[in-house]
Amino acid sequence: MEQSNFIRTIIKEDLENGKRDTVVTRFPPEPNGYLHIGHAKSIIINFGLADDFNGQTNLRFDDTNPLKEDQEYVDAIKEDVKWLGYDWEELHYASNYFDEMYNRAVLLIKKGKAYVDDLNQDEIREYRGTLTEPGKESPYRNRSIEENLDLFEKMKNGEYENGQKVLRAKIDMSSPNLNLRDPVIYRISHATHHNTGDTWCIYPMYAFAHPLEDAIEGVTHSLCTTEFEDQRPLYNWVVAECEMENQPQQIEFGRLNITNTVMSKRKLKQLVDEGIVDGWDDPRMPTISGLRRKGYTASAIREFVQETGVSKGSGAVDEMMLEHYVREDLKLSAPRTMGILKPLKVVITNYPEGESEWLEAENNPENEEMGTRQIPFSREIYIEQEDFMENPPKKYFRLFPGNEVRLKHAYFIKCNDVIKDEDGNVVELHCTYDVETKSGTGFTGRKVKGTLHWVDAKSAVSAEFRLYEPLVLDEQMKEEALEDKDFLDYINPNSLEVVQGFIEPNLKDVQPQDKFQFFRHGYFNVDSKYSTPEKPVFNRIVSLKSSFKLNK
RNA sequence: UGGGCUAUAGCCAAGCGGUAAGGCAACGGAUUUUGAUUCCGUCAUUCGCAGGUUCGAUCCCUGCUAGCCCAGCCA
């Protein structure tokens with residue numbers, strides 16, 4: 001059952017009442033950075049809606065500003081869209097329409113609907129007026145059509161410096177909608193474009209270019225975010241005055257916000273440029289590539305976005321919801337295994353020295369098709385440091401002196417002695433095991449409250465685990481407003497914790513992007529950048545939910 | 001304080017004049033060799049507020065209030 005939302009309703013009506021007989025959407029990123037999960041929402045809405053109505057979706061690079069764009073971003077964007085599971089019908093570049101756009105601008109001039117302005121940037125701003133006061137007309141506003149044509153051509157021919165002249169639409173300097181106060185539609189920029197090279201030195205502005213791109217491609221429903229709502233009258237003006245055959249309809253939806261998540265390309269780029277993160281695909285980044293490297297699956301992202309809905313609201317979705325969908329997705333597909341993040345050695349004093357045995361373990365008790373594996377067990381093992389307390393509070397089910405617990409897939413052990421170093425730190429535990437309690441034998445003689453995961457010390461494989469927290473926390477960001485600080489001053493110092501531990505020997509050949517559940521720790525992904533055959537590196541995708549709270 | 005937009009549970013969100021879907025979170029309880037999962041149950045007599053229209057209003061009208069967006073030669 002597909003969810004109901006206002007855009008779907010509009011499209012359905014357009015189809016039913018004959019306003020449209022097909023649906024064409026487009027995903028139009030500017031190649032000036034990597035895609036983030038907010039873009040994923042746009043992708044899913046555009047491709048999803050077109051799919052549902054047997055329409056088509058194009059990928060179009062909105063590359064009208066050579067100063068900020070780069071081929072690297074074009075490539076990354078294509079990869080991310082594909083990885084999310086979508087195939088575009090046609091691939092376009094706005095820059096391929098520069099000739100057409102130029103001609104349409106000339107048409108506007110000929111119709112007396114556009115003029116070349118000599119005002120500089122500051123003057124244009126002053127003449128624009130304010131939110132509450134109307135603007136005033138530029139002294140160059142009433143140049144003759146011939147002069148405008150001549151000047152515009154000279155702009156194109158490179159006879160002026162950057163900023164010396166612009167082409168403006170002639171609309172209404174007193175409009176309450178600032179976008180209609182003679183918006184600039186072409187500026188001079190002597191810059192090399194990633195696609196058109198040095199062919200052009202004038203480039204169309206978004207407000208002029210975007211509606212033309214949509215119209216040229218026959219887009220029916222041009223879906224964008226709400227900050228473009230005020231541009232809609234201008235969008236329609238451009239389509240009409242440029243006499244475009246197709247008339248796309250712009251519809252705006254609320255952008256995706258997630259708690260404790262930076263969702264601004266500008267800020268994300270800042271984090272990358274200043275080296276605060278390890279590139280656009282740093283697992284802490286909300287980029288598609290970052291989420292992928294962290295271990296998120298495309299289907300989890302799709303589920304999340306779909307369940308999160310489409311509306312015009314501007315609220316923030318709880319990050320817990322994103323985490324929920326990746327747990328849900330990996331629950332049956334990720335093998336469940338044991339990893340020790342912060343090891344504490346345990347010697348089982350009554351286990352024969354030099355001996356070891358193999359124990360059978362299910363790979364996923366909720367998915368029997370995943371089969372079983374054999375894991376070694378012997379006299380010395382590692383358990384988690386936090387699974388032992390010398391002086392536990394009430395309701396602590398794990399190990400403490402005199403207490404007996406179950407070792408997952410193995411035996412019951414009881415803690416007898418605590419070995420400490422000179423500083424009083426617990427460095428080793430001496431326990432005894434009970435042969436009769438072996439897993440799978442159906443032993444019911446007595447019960448224990450806790451089950452611990454463990455790894456055989458002799459055969460354990462060293463591994464690195466990377467644990468993440470949000471890069472910035474909303475609570476701390478609130479102070480930013482009060483204290484006039486940059487958001488970089490609020491980077492969470494605990495956003496990355498690296499620990500060295502152990503994994504089961506049968507995990508020694510893991511490959512990048514392999515995903516596992518380590519019992520009680522959560523879901524992990526083999527890092528695609530730092531993991532090596534000698535030393536696997538695991539990124540924690542998400543922890544398991546836990547109702548356990550240590551109250552001291 | 002000009003214009004545009006939005007207000008439904010702690011969060012996201014259906015609902016389109018006939019008496020409040022769903023998901024996340026939370027909280028009980030059962031099962032459990034992951035304090036996980038699973039299961040069962042609880043969670044808006046009321047839809048920002050105040051009026052009005054109507055037999056009947058979350059839905060239509062009016063007026064308030066709150067929040068978001070707009071003064072790039074960015075997109």
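So that the names make sense, note that chain A is the first sequence line, chain B the second, and so on, each numbered from 1.
Note: NE2 (A:His324) to P (B:rA13) measures 17 Å, nearest angstrom. Straight-line distance from the CH2 atom of A:Trp454 to the P atom of B:rU33: 18 Å, rounded to whole Å. What separates CE of A:Met263 from P of B:rA75 is a distance of 22 Å, to the nearest Å. Here B:rG72 presents its C1' atom at 14 Å from CZ of A:Arg266, a figure rounded to the nearest Å. One can place CD of A:Gln121 at 5 Å from C1' of B:rC73, the figure rounded to the nearest angstrom. Separating the NZ atom of A:Lys449 from the C1' atom of B:rU31 is a distance of 14 Å, rounded to the nearest angstrom. A:Glu126 places its CD atom 12 Å from the C1' atom of B:rA71, with the value rounded to the nearest Å. Taking atom NZ of A:Lys408 as the reference point, atom P of B:rU37 lies 14 Å away to the nearest angstrom.
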Quick one: do A:Phe548 and A:Phe397 satisfy ring-ring contact (aromatic ring centres under 6.0 Å, His included)? Show the steps, please.
-> CA-CA 10 Å; A:Phe548 174 64; A:Phe397 303 152; 7.7 Å; no
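Within 4.0 Å (heavy atoms only), A:Leu234 reaches no atom of the nucleic acid at all. Using a 4.0 Å heavy-atom cutoff across all strands shown, A:Gln517 reaches at least one base atom of the nucleic acid. When heavy atoms are screened at a 4.0 angstrom cut-off, A:Gln231 is found touching base atoms of the nucleic acid. Nucleic acid contact class of A:His521 (heavy atoms, under 4.0 Å, all strands): none. In this structure, A:Val310 reaches the sugar-phosphate backbone alone: every heavy-atom distance under 4.0 Å involves primed, P, OP1 or OP2 atoms, never a base. Across all strands, A:Asn120 comes closer than 4.0 Å to base atoms (heavy-atom distances). Within the 4.0 angstrom heavy-atom criterion, base atoms lie near A:Gly440. No engagement by A:Met338 is indicated, since no non-hydrogen atom pair under 4.0 Å with the nucleic acid exists. If you check every strand for non-hydrogen atoms under 4.0 Å, A:Ile124 touches a base.
In this structure, A:Arg128 reaches the B:rC73 phosphate: one of its side-chain N or O atoms is under 4.0 Å from OP1 or OP2. In terms of phosphate contacts, A:Ser175 brings no side-chain nitrogen or oxygen within less than 4.0 Å of OP1 or OP2 of B:rG3. Of the side-chain N and O atoms in A:Arg520, one or more sit less than 4.0 angstrom from OP1 or OP2 of B:rG35. Within the structure, every side-chain polar atom (N or O) of A:Ser311 is placed at least 4.0 Å from both OP1 and OP2 of B:rA14. Within the 4.0 Å cut-off from OP1 or OP2 of B:rC16, not a single side-chain nitrogen or oxygen of A:Thr9 is found. Phosphate contact (OP1/OP2 of B:rA75, side-chain N/O of A:Arg187, threshold under 4.0 Å): present.
Across all strands shown, B:rG4 is found opposite B:rC68 as a Watson-Crick or G-U wobble partner, with both distances under 3.5 Å. In this structure, B:rA25 makes no Watson-Crick or G-U wobble pair, since no nucleotide meets both defining distances under 3.5 angstrom. In this entry B:rC49 has B:rG63 as its Watson-Crick or G-U wobble partner, both defining distances falling under 3.5 Å.
B:rU62 sits 11 Å from B:rU53 when the C1' atoms are compared, rounded to a whole Å. Nucleotides B:rG2 and B:rG56 have their C1' atoms positioned 40 Å apart, rounded to a whole Å. With both ends at atom C1', the span from B:rA57 to B:rU19 equals 10 Å, rounded to whole Å. A gap of 41 Å separates the P atoms of B:rC24 and B:rC64, to the nearest Å. Across B:rG41 and B:rU46, the matching P atoms stand 25 Å from one another, rounded to whole Å. Of the C1' atoms belonging to B:rG4 and B:rG22, the separation is 31 Å, rounded to the nearest Å. Spacing between B:rU42 and B:rA25 at atom C1', rounded to whole Å, works out to 14 Å. Straight-line distance between the P atoms of B:rC49 and B:rC39: roughly 36 Å, to the nearest whole Å.
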Table of protein N/O atoms under 3.5 Å from nucleotides 5-11 of chain B N/O atoms:
{"from": "B:rC11", "atom 1": "O2'", "to": "A:Ala316", "atom 2": "O", "distance (Å)": "2.8"}

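Ring pair A:Trp358/A:Phe377: centre-to-centre distance not below 6.0 Å. The six-membered or imidazole ring of A:Phe538 lies near that of A:Phe465, with a centre-to-centre distance under 6.0 Å.
Between A:Trp280 and A:Tyr73, the ring planes are perpendicular. Angles over 60° get that label, and only those under 30° would be called parallel.
With a glycosidic angle no more than 90° from 0, B:rG72 adopts the syn conformation.
Other residues, nucleotides and ligands contribute only 12 or fewer heavy atoms inside 6.0 Å of the NZ atom of A:Lys269.
A cation-pi arrangement is absent between A:Lys154 and A:Tyr160 under the rule of less than 6.0 angstrom and at most 45 degrees off the ring axis. Judged by a 6.0 Å distance limit and a 45° cone about the ring axis, A:Lys156 is positioned over the six-membered ring of A:Tyr102. Judged by the 6.0 Å and 45° rule, A:Arg104 forms no cation-pi pair with A:Phe208.
Contact of A:Arg398 with B:rG35 (side chain to base): a donor-acceptor pair of N or O atoms is detected under 3.5 Å.
Of the candidates B:rG35, B:rA75, B:rU33, the closest approach to any side-chain atom of A:Tyr396 belongs to B:rG35. Ranking B:rG23, B:rG2, B:rC73 by closeness to the A:Val166 side chain, first place goes to B:rC73. Comparing B:rU37, B:rA75, B:rC73 by their closest approach to the side chain of A:Lys545 singles out B:rU37. Looking at the side chain of A:Leu178, the nearest of the listed nucleotides B:rG2, B:rG35, B:rG72 is B:rG2. Closest contact between the side chain of A:Asp230 and the listed nucleotides B:rA36, B:rG3, B:rG2 involves B:rG3. For A:Phe228, the side-chain atoms get nearest to B:rA75 when compared with the rest of B:rA14, B:rU38, B:rA75. Comparing B:rA75, B:rC70, B:rC24 against the side chain of A:Leu131 picks out B:rC70 as the nearest.
The aromatic ring of A:Phe519 is not stacked on the base of B:rA36, since the criterion of ring centres less than 5.5 Å apart with planes inclined by under 30° is not met. Look at A:Phe548 and the base of B:rG35; the rings stack, centres closer than 5.5 Å and planes less than 30° apart.
Inspection of the A:Asn403 and A:Tyr396 side chains reveals no N or O donor paired with an N or O acceptor under 3.5 Å.
Map A:Pro176 and A:Pro29 each onto its nearest nucleotide of RNA chain B; the residue landing nearer the 5' end is A:Pro176. Of the two residues contacting RNA chain B, namely A:Met320 and A:Thr451, the nearest-nucleotide position lying further toward the 5' end is that of A:Met320.
Screening A:Tyr206, A:Tyr203, A:Phe152 against A:Tyr186 for a ring pair (Phe, Tyr, Trp, His ring centres under 6.0 Å) leaves a single residue, A:Phe152.
Salt-bridge formation is detected for the pair A:Glu217/A:Arg60: a Lys NZ or Arg NE/NH1/NH2 atom is positioned less than 4.0 Å from an Asp or Glu carboxylate oxygen.
The shortest non-hydrogen separation linking A:Asn506 to A:Gln374 is ND2-O, 3.2 Å.
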